[in-house]
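Since the structure comes first, as structure tokens, the remarks are kept for the end.
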Amino acid sequence: MTGFVLGSASPARLQVLRSAGLDPVVRVSDVDEDAIAGALPPDSTPAAVVTALARAKARTVAAAVIAEAGADAVAESGHGVRLADDCVVVGCDSMLLVDGVLQGKPHTPAVARARWAAMAGRSADLLTGHCVLRVRDGAIVADAQDCSVTTVHFAAPEPAELEAYIATGEPLKVAGAFTLDGMGGWFVDRIDGDPSSVIGIGLPLLRRLLGVVGVGVAQLWLGAAQLRPDAVG
């Protein structure tokens, strides 16, 4: 049975996968995103940047899973399955491209306010890099990576609406200072592309990348069903 490891602390990504029938194990990578992006060639494309960040997260988590198994630590999914024996590790990174500049999490109200001033009433591209690693018998045996791009058409919130939204704290913690599946969805007129990718992990692209490393979605559904407490065996 192939395990599924999500290398992200994002509740939104976890919820997308759970709603899609999976039961992911969560491992947080804690990579230095600024250092990784800063080490890339100056002429790197926006897609290359987010994909490199996704790859760094996935490789860090995969290395931890392998190290845990090598040290005879509890490297299990919580259901008695050793992850290092057979699993996929997925890393993702999302950023919003506005006027040719990639924007991550704003962290402060002032930055969130400035970003909304730049994108309100306009369109921007949400890029999500994906990296899928296949781990078998304590080693990475296959990898696949790519980037999805979805165009987001933003509304122009009233000043009071924007201040109330920023005060919730939600836009401070997400790429581009907005969500599609949360309170920020009130200020998104429409999107052109994959909605799950805007939330943080694109199911269509992820399915293709899983296929590259030899794992089918139906295989993961079956494994998740077997691990549920109400599964009939």
Side-chain angles (χ1 to χ4, degrees), residues 1-31 33 36 50-94 128-148 181 194-233:
M1 181 167 55
T2 303
F4 189 105
V5 182
L6 174 63
S8 172
S10 166
R13 290 187 180 117
L14 179 60
Q15 186 55 53
V16 168
L17 293 171
R18 284 178 171 167
S19 297
L22 302 189
D23 186 22
V25 176
V26 175
R27 293 280 197 273
V28 181
S29 63
D30 292 327
V31 299
E33 297 183 22
I36 292 168
V50 295
T51 303
L53 290 169
R55 181 171 60 250
K57 294 175 182 180
R59 287 197 167 272
T60 299
V61 170
V65 168
I66 293 169
E68 289 171 3
D72 293 326
V74 181
E76 300 183 349
S77 68
H79 306 280
V81 177
R82 282 171 50 90
L83 292 175
D85 289 347
D86 188 3
C87 75
V88 290
V89 177
V90 177
C92 296
D93 188 83
S94 298
T128 300
H130 298 64
C131 179
V132 177
L133 304 177
R134 182 76 181 271
V135 175
R136 300 190 76 172
D137 299 325
I140 298 173
V141 298
D143 69 89
Q145 54 204 13
D146 204 348
C147 173
S148 61
D181 57 331
D194 168 31
S196 61
S197 179
V198 178
I199 297 172
I201 184 165
L203 295 179
L205 177 55
L206 179 58
R207 181 179 60 83
R208 293 194 292 274
L209 297 180
L210 286 168
V212 172
V213 302
V215 177
V217 170
Q219 175 184 345
L220 294 173
W221 284 340
L222 178 60
Q226 290 173 342
L227 297 176
R228 294 189 186 108
D230 58 350
V232 177

Practice item. For R27 and L83, run side chain to side chain contact (heavy atoms under 4.5 Å, CB included): C-alpha distance rounded to whole Å, both residues' side-chain angles, the deciding distance at 0.1 Å, then the answer. Key: CA-CA 11 Å; R27 293 280 197 273; L83 292 175; 3.8 Å; yes
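For the side chain to side chain donor-acceptor pair (under 3.5 Å) test, no residue two or more places apart in sequence or in another chain qualifies with S29. A search for side-chain contact (heavy atoms from CB on, under 4.5 Å) contacts involving D181 returns A12, T179, I199, not counting sequence neighbours.
Atom CG of D86 sits about 8.0 Å away from atom CG of D137, to the nearest 0.5 Å. Atom OG in S148 sits 4.5 Å away from atom NE2 in H130 (nearest 0.5 Å). Atom CD1 of I201 sits about 7.0 Å away from atom CG of L203, to the nearest 0.5 Å. With rounding to the nearest 0.5 Å, the separation of CG in L220 from CG in L17 is 10.0 Å. Between T60 atom OG1 and R55 atom CZ the span is 11.0 Å, to the nearest 0.5 Å. Expressed to the nearest 0.5 Å, how far CG of L133 lies from CG of L209 amounts to 10.5 Å.
Between I66 and I140 the shortest side-chain heavy-atom distance falls below 4.5 Å. Residues V215 and F4 form no side-chain contact, since every pair of their non-hydrogen atoms from C-beta on lies 4.5 Å or further apart. Residues Q219 and L210 have side chains not in contact (no heavy-atom distance under 4.5 Å, counting atoms from C-beta outward). Contact of the V132 side chain with the V212 side chain is not registered, since no non-hydrogen atoms from C-beta on lie closer than 4.5 Å. Taking 4.5 Å as the limit, every side-chain heavy atom of S197 sits out of range of all side-chain heavy atoms of S94. Counting heavy atoms from C-beta outward, L205 and D194 have side chains that stay 4.5 Å or more apart. Taking 4.5 Å as the limit, some side-chain heavy atom of D143 sits within range of a side-chain heavy atom of R59.
Between V28 and A9, the closest heavy-atom pair is CG2-CB, 3.7 Å. Residues S196 and V16 approach most closely at CB-CG1, 4.3 Å, considering heavy atoms. Residues G91 and A58 share a closest heavy-atom pair of N-CB, 3.7 Å. What you find for R13 and S8 is that their closest heavy atoms are NH1-OG, 3.1 Å. Across all non-hydrogen atoms, the minimal contact from L6 to P24 is CB-CB, 4.2 Å. In terms of heavy atoms, G200 sits closest to T128 at O-CG2, 3.5 Å.
K57 places a side-chain N or O within donor-acceptor distance of the main-chain N or O of C92, the cut-off being under 3.5 Å. With hydrogens and angles disregarded, a donor-acceptor distance shorter than 3.5 Å links the side chain of W221 to the backbone of A20.
Residue R136 is tested with V141, V88, V213, T2 for a side-chain contact (heavy atoms from CB on, under 4.5 Å); the sole match is V141.
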